[in-house]
J.: 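Mind having a look at this structure? Questions to follow.
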Amino acid sequence: MSAEPSLAATLAELGQPGYRHRQVTEAKRAGAEGFDEVSTLPATLRAQLSERLPFWSMTPEREAVSADGTRKWLLRAPDGVAVELVLIAHAAGRRTACLSSQAGCALACRFCATGAMGPGRDLSSDEIVDQALLATRAAAEAAARLTNVVFMGMGEPLQNLDAVLPAVRAIHAPEGLGLSARKIAVSTVGWVPGITRMSAEEVPARLAISLHAADDDTRSELMPINLRYPIANLLAECRRYCDTTGRRVFIEYLLLDRVNDAPADARRLATLLRDGRFHVNLIEYNPTAGPYRASPPERREAFQRALARSGIEASLRRSRGADVAAACGQLATGGSG
Ligand code: SAH
C-alpha cells in the first residue's frame, strides 16, 4: 500500500461525516489545488487535512503528447513510486483514460513492456481515483469530456482488487465521476480468483480478458499465467461470471505475425467462444522490446474473415499514442518508458 494514509481513513479518524470525501472529490474535479481551496470544508478541517496528507496522492512529473492527440503523464507518489497515465483522444471531444493499478507487474507477459519491469507495489484506491480525476481535468482543459475509463495501464487490476473495486465504485458513483458501468472496463490476464470475486460482488464495470491465443501451448508461451490457469479453466470462470452477473465478457486478442494470427487460430478461437456471451476485440500489436511483430493487414483481414465465417464478429482496436510509447503494452517507468 501507499505510504500515505487514505483520505477516507483520515476523515474517519477526524470524526468527519461521509460526505466530506465527496466534497474533496468535487473540488478536485473543479480545479482546486490544495485542501485550503476546498471552500465547502470548515477551515479547521482544511488545516488538519493539509497537515496529514498530500492533496493529490500522485502528481504529474512529465508529459508526452502524441501526434494523434493521446497524452501520457508520468505520475509520482510521495514515496517515489511512479506510474503512467494515458488519456486517449477520440472524435467529438471524447476522451478515454487508461489507468494504472500497480507500479509494475508480476505476470511477465512476453509482449508487454510493463511485464518486463517486474512487480511493483499495489496502488491505493486514492491513487487510482486521482488518476481519473487528473484525466477529467486534463480533458476539461481541452474542452473535451472524459467518457471512458479502462484499467489497461500498468499492472494487473485483478491482483489489486482491494483498491481497484472501491476505485471503480467511486468512478461510477454519481457523486464521483458518474461514468456508467458500460464506460468502465477492467482488463485482466485471466487471474481466475479475481474473476471469481468479480462475480460475487456487484462491480459496475465491464470485464475484459486478455486471451491472445486459442491454444494452451501458444498462450503459455506468450503469457506464463496460462500455466497456472489454462484456457479451459479461464473460460469456464468467465461463463460463470456471465451467468451470475448477466453481463457479457470482452475477449481481447492481440494479433502477432505468424504466432497466433492464422485462419486456423481464428477457427479455434470461435470454437472456444461458442455458446458464450463474448465480444471479441482484435488488437494491433505495439512494438516493445519483445521478439514480436504486428500482423500485416492481409493476415489481419484473413483472420477477421475466418472468425466471421465461424460466426464471431470482432472489432479491431487501432493503436493510439505509439509514437510516445503511450499505447497498450508500452507503459513502463524507469527503463524504456
Ligand atoms: N494486466 C491487464 C491490464 C493491462 S494491459 C491485462 O493484461 O489485461 C492492457 C491490454 O494491453 C491487455 O490486453 C494487454 O494484453 C495488451 N497489451 C500488452 N502489451 C501489448 C502490446 N505490446 N501491444 C498491444 N497490446 C498490448
Side-chain angles (χ1 to χ4, degrees), residues 70 72 83-86 88 96-120 122-123 128 131 148-161 163-164 167-168 184-195 198 205-213 218-219 221-226 228-229 234 238 249-257 259-261 279-295 300 314-333 336-337:
T70 297
K72 174 174 96 162
V83 296
E84 294 193 308
L85 163 67
V86 176
I88 304 162
T96 294
C98 182
L99 309 187
S100 292
S101 57
Q102 297 178 313
C105 188
L107 297 168
C109 298
R110 303 255 193 275
F111 45 78
C112 177
T114 313
M117 287 176 69
D122 285 344
L123 298 194
I128 297 170
Q131 291 175 61
N148 294 68
V149 162
V150 296
F151 285 80
M152 296 188 187
M154 292 167 61
E156 169 50 41
L158 267 54
Q159 288 193 327
N160 185 20
L161 281 178
V164 167
V168 166
I184 305 172
V186 177
S187 178
T188 176
V189 294
W191 184 253
V192 167
I195 301 172
M198 283 188 65
R206 295 183 144 169
L207 175 65
I209 307 290
S210 298
L211 191 64
H212 304 333
T218 308
R219 191 165 194 268
E221 182 63 37
L222 295 171
M223 307 177 72
I225 188 65
N226 194 68
R228 186 147 168 196
Y229 301 115
L234 169 57
C238 289
V249 167
F250 290 75
I251 299 289
E252 295 168 276
Y253 196 101
L254 187 56
L255 286 168
L256 300 171
D257 189 23
V259 173
N260 63 0
D261 65 344
H279 179 89
V280 179
N281 282 315
L282 300 175
I283 306 176
E284 274 185 325
Y285 173 68
N286 300 304
T288 64
Y292 305 106
R293 282 184 320 256
S295 297
R300 190 175 73 212
S315 25
L316 177 70
R317 197 164 82 208
R318 296 267 171 193
S319 171
R320 306 295 308 272
D323 55 338
V324 292
C328 281
Q330 295 185 317
L331 303 188
T333 54
S336 58

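Atoms within a ligand are numbered from 1 in the order they appear, just like the ligands themselves.
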J.: Name the closest protein heavy atom to atom 15 (O) of ligand 1, giving the residue it belongs to and the distance to 0.1 Å.
T.: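 Answer for atom 15 (O) of ligand 1: His212 NE2, 2.5 Å.
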J.: Applying salt bridge (Lys or Arg N to Asp or Glu O under 4.0 Å) as the test, list every pair that has at least one member in residues 279-293; sequence neighbours left out.
T.: Asp257-Arg293, Glu284-Arg300, Glu284-Arg318
J.: Compute the shortest N/O to N/O distance between Pro157 and ligand 1 and return yes if it is under 3.5 Å, no if not.
T.: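 By distance alone, the answer is no.
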J.: Is a donor from one side chain sitting under 3.5 angstrom from an acceptor on the other, for Gln330 and Asn286?
T.: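 No, no side-chain donor-acceptor contact under 3.5 Å.
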J.: Any idea which part of Val189 is under 4.0 Å from ligand 1, heavy-atom wise: side chain, backbone, both or neither?
T.: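 The answer is both.
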J.: side-chain contact (heavy atoms from CB on, under 4.5 Å) with Ala205: which residues, sequence neighbours excluded?
T.: Val168, Ile184, Val186, Val203
J.: Return yes or no for this condition: an N or O of Ile283 is under 3.5 Å from an N or O of ligand 1.
T.: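 No, there is no polar N/O contact under 3.5 Å.
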J.: Just say parallel, tilted or perpendicular for the rings of Tyr292 and Tyr285, cut-offs at 30° and 60°.
T.: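 Rings of Tyr292 and Tyr285: perpendicular, over 60°.
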J.: Which is it for Glu252 and ligand 1 at heavy atoms under 4.0 Å: side chain, backbone, both or neither?
T.: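 Under 4.0 Å from ligand 1, Glu252 contributes side-chain atoms alone.
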J.: Starting from atom 6 (C) of ligand 1, what is the nearest protein heavy atom, named by residue and atom, and what distance separates them?
T.: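 Atom 6 (C) of ligand 1 sits closest to the protein heavy atom Ser210 OG, 3.4 Å.
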J.: Measure from the ring center of Tyr253 to the ring center of His212 and say whether it is less than 6.0 Å.
T.: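 Tyr253 vs His212: aromatic centres not under 6.0 Å.
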J.: Please say which of Val189, Ile225, Leu211 ends up in a side-chain contact (heavy atoms from CB on, under 4.5 Å) with Leu234.
T.: Leu211
J.: Does an N or O from Thr288, backbone or side chain, lie closer than 3.5 Å to an N or O of ligand 1?
T.: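 Between Thr288 and ligand 1, no N or O pair is found under 3.5 Å apart.
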J.: Using a plain distance cutoff, I'd like to know if Leu254 has any nitrogen or oxygen under 3.5 Å from a nitrogen or oxygen of ligand 1.
T.: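 In fact, backbone or side chain, Leu254 has no N or O that close.
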J.: Will you find, in the side chains of Ser101 and Asn160, an N or O donor that is under 3.5 Å from an N or O acceptor?
T.: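 Their side chains do not contain a donor-acceptor pair, so the 3.5 Å distance test is not met.
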J.: Taking only heavy atoms of Cys112, which atoms of ligand 1 are found under 4.0 Å from at least one of them?
T.: 18 (C), 19 (N)
J.: When you measure from atom 19 (N) of ligand 1 to every protein heavy atom, which one gives the shortest distance, and what is it?
T.: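 Result for atom 19 (N) of ligand 1: Gly329 CA, 3.0 Å.
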J.: Among protein heavy atoms, which sits nearest to atom 23 (N) of ligand 1, and what does the distance come to when rounded to 0.1 Å?
T.: Asn286 N, 2.9 Å
J.: Would you tell me whether Thr333 and Glu84 have side-chain atoms, one donor and one acceptor, within less than 3.5 Å of each other?
T.: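 No, no side-chain donor-acceptor pair sits under 3.5 Å.
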J.: Are any of the N/O atoms in Tyr285 less than 3.5 Å from those in ligand 1?
T.: no
